[in-house]
Amino acid sequence: MDRHNGFEQGPIRPPSEASSLLLRVNRNCPWNRCTFCSIYKKSKFSLRPVDEVIHDIDCIHDFIIRLQDRGTSPAALQKNLSPGEEPAFYAAYNWLEGGMESIFLQDADSLVIRPENLLKILRHIRSRFPGVKRITSYARSDSVARIGDEMLKEIAAAGLNRIHIGMETASDTVLKLVRKGVTKETHISAGLKVKAAGIELSEYFLIGLGGTEFSQLHALESADALSRINPDFIRFRTLHLPDKITLYPDGDTRYRWAPDLTLAKEVLTLIEHLHGITSRMTSDHSYNLFQEIDGTLPQEQERLAGVLRTFIAMDREQQILFQVGKRAGYFLRLGDMADPGRVNQVRDICRQSDITPDNADERIHEIVQDRMRRGMPF
Ligand code: SF4
């Protein structure tokens, strides 16, 4: 969504922020160079003046007051909107319906703006919506690392209580290859800073970013960094790369997409090498093959590792059925394969799509790439 009478919202939010009010404090990504990320590639980064953001907060506040007025129905309000008021109206309406508990600051890195401006925005949110329980944001590790400890505590006291960081990997080799623009040490110091400020921290691990060559290094280095940070959440995302993107540019030819079995081993290595932490681990994205990974460390670490071990130990035909059935929407978890009806339907798909043990990884990769080209889910 773009600008409408001043009110703006950006293109994305984490799935966990589905009920949050999206409040855009700046536009796009200040870095925008990660090779695997195309979200903001065609858009230029810009800061929004604080007054504009304050105006957006007031706009939402105004609609909420009117929507809560028992004398005015939402339909009547909607009918009398002035041109261009719809985006703010719908944002307010949806937020009210969602319980008005949380606000997500957009876009890719709200902590890159001047801390005093962020404080102004947070304090204004608090004054307008004192009942809000959670204010959250994406941030890059290097932006967080640049903020002083005391200032970060002030930001926390003003209401920012969860930060989502796309760690992706803590392997310096892979970080450099994909031009993430941060190092493992920056990831660790930023993560520790967030925690020390009393802000909840969500770290994202990008499955597959190391391809086949660096898969295990990617897992081991990330496990080491996450063990040192102890984030509140570790979330999984899976790399899906359009054909035209070169993941490792600058003439490096080492990237080979990794098949699902390699990725299962990668995630298992990560889980097995996490130690001394109390994070909640979650695979909360439908593109992930193992969405059932959801539990708290350390008590559920073995159970979570068990999901991967079970898959790795399956015979090849069963693995293929799960790989296909999960993507085709027949299975969500490995246990769903106990249903013979669903298994037979997936067998039919394999037959129709010419998927055999000899060509399964390539065929599944081709199908996923094709669906991505056509903008279809997979
Ligand atoms: S920092 Fe995040 S939003 Fe920006 S290019 Fe990298 S992955 Fe994309």
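Values below: all heavy atoms of this structure, side chains included; hydrogens, waters and symmetry mates excluded.
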Indicate the ring-plane relationship of Phe129 and Trp95, choosing parallel, tilted or perpendicular according to the 30° and 60° boundaries. perpendicular
State plainly whether the residues Arg373 and Asp243 are in salt-bridge range, i.e. N to O under 4.0 Å. yes
Using the rule given for side chain to side chain contact (heavy atoms under 4.5 Å, CB included), can you reason through Val178 versus Tyr255, listing the C-alpha separation, both sets of side-chain angles and the distance that settles it, and then say yes or no? CA-CA 10 Å; Val178 301; Tyr255 176 71; over 6 Å; no
Counting only N and O atoms by type, is there a donor-acceptor contact under 3.5 Å from the side chain of Lys153 to the main-chain atoms of Asp149? no
Report yes or no: does Arg256 contribute a side-chain atom to a donor-acceptor pair with the main-chain N or O of Thr253 at less than 3.5 Å? yes
Salt bridge flag under 4.0 Å for residues Asp107 and Arg24: yes
Distance-only, no hydrogens or angles: does the Ser222 side chain make a donor-acceptor pair with backbone N or O of Ala170 under 3.5 Å? yes
Trace of the side chain to side chain contact (heavy atoms under 4.5 Å, CB included) decision for Arg254 with Leu177: CA-CA 10 Å; Arg254 286 177 290 178; Leu177 283 167; 4.2 Å; yes
Charged N-O contact under 4.0 Å between Asp336 and Arg333: no
Quick test of your reading of the model: are Asp232 and Arg162 salt-bridged, counting only N-O distances below 4.0 Å? no
Between Asn32 (side chain only) and Tyr40 (backbone N and O only), is there a donor and an acceptor less than 3.5 Å apart? yes
Between Glu300 and Arg280, is the closest basic N to carboxylate O distance under 4.0 Å? no
So, does Glu85 use its side chain to make a donor-acceptor pair with the main chain of Ser82 at under 3.5 Å? yes
Does Asp172 pair with Lys176 as a salt bridge, N-O distance under 4.0 Å? no
So, does Glu266 use its side chain to make a donor-acceptor pair with the main chain of Gly208 at under 3.5 Å? yes
For the pair Lys265 (side chain) and Ile312 (backbone), establish whether a donor and an acceptor sit closer than 3.5 Å, ignoring hydrogens and angles. no
Measure from the side-chain N and O atoms of Lys195 to the backbone N and O of Asn230, and report whether any donor-acceptor pair falls under 3.5 Å. yes
Would you say Phe36 has more than 12 foreign heavy atoms packed within less than 6.0 Å of its CZ? yes
Test side-chain hydrogen bond (donor to acceptor under 3.5 Å, both in side chains) on Ser202 and Arg235; report intermediate values, then the result. CA-CA 7 Å; Ser202 201; Arg235 298 181 194 274; 2.7 Å; yes
Under a 4.5 Å cut-off applied to non-hydrogen side-chain atoms, are Asp109 and Tyr138 in contact? no
Does the pair Thr35 and Arg179 meet the rule for a side-chain hydrogen bond (donor to acceptor under 3.5 Å, both in side chains), with working shown? CA-CA 6 Å; Thr35 60; Arg179 296 182 180 161; over 6 Å; no
Give a yes or no answer on whether the side chain of Asn288 reaches the backbone of Phe290 with a donor-acceptor pair at less than 3.5 Å. no
Does Asp260 come within less than 4.0 Å of Arg327, counting only side-chain N to carboxylate O? yes
Verify the distance criterion only: is there a donor paired with an acceptor across the side chains of Asn359 and Thr356 at less than 3.5 Å? yes
Do Ile229 and Val194 have side-chain heavy atoms sitting under 4.5 Å apart? no
Are any of the side-chain heavy atoms of Lys193 and Ser189 separated by less than 4.5 Å? no
Using a 4.5 Å cut-off on heavy atoms from C-beta on, say whether the side chain of Leu105 contacts that of Leu160. yes
Measure the shortest side-chain to side-chain distance between Phe7 and Phe63 over non-hydrogen atoms and say whether it is less than 4.5 angstrom. no
Starting from the C-alpha separation in whole Å, work towards a yes-or-no answer on side chain to side chain contact (heavy atoms under 4.5 Å, CB included) for Leu77 and Asp69. CA-CA 11 Å; Leu77 194 52; Asp69 176 358; over 6 Å; no
Return the orientation label for the Tyr204 and His164 ring planes: parallel under 30°, perpendicular over 60°, tilted otherwise. tilted
Return the orientation label for the Phe205 and His218 ring planes: parallel under 30°, perpendicular over 60°, tilted otherwise. parallel
Show your reasoning for whether side chain to side chain contact (heavy atoms under 4.5 Å, CB included) applies to Glu366 and Gln369. CA-CA 5 Å; Glu366 276 167 23; Gln369 294 303 106; 5.8 Å; no
What I want to find out is whether Lys326 reaches Glu292 closely enough, with some N-O distance under 4.0 Å, to be called a salt bridge. no
Could you tell me if the side chain of Thr269 sits less than 4.5 Å from the side chain of Leu220, heavy atoms only? yes
Joint hydrophobic cluster, Ile199 plus Val112, side-chain heavy atoms closer than 4.5 Å: yes
Side-chain touch Thr310/Phe322, heavy atoms, less than 4.5 angstrom: no
Does any non-hydrogen side-chain atom of His365 lie less than 4.5 Å from one of Val368? no
Between Thr212 and Ser215, is any side-chain donor less than 3.5 angstrom from a side-chain acceptor? no
Would you call Lys180-Asp142 a salt bridge at under 4.0 Å N-O? no
Taking only Lys NZ, Arg NE, NH1 and NH2, and the carboxylate oxygens of Asp or Glu, determine whether Glu185 and Arg228 approach each other closer than 4.0 Å. yes
Looking at Asn161 and Ile135, would you say the former's side chain and the latter's main chain have a donor-acceptor pair under 3.5 Å? yes
Note: Arg134-Glu200 ion pair, threshold 4.0 Å (strictly below): no
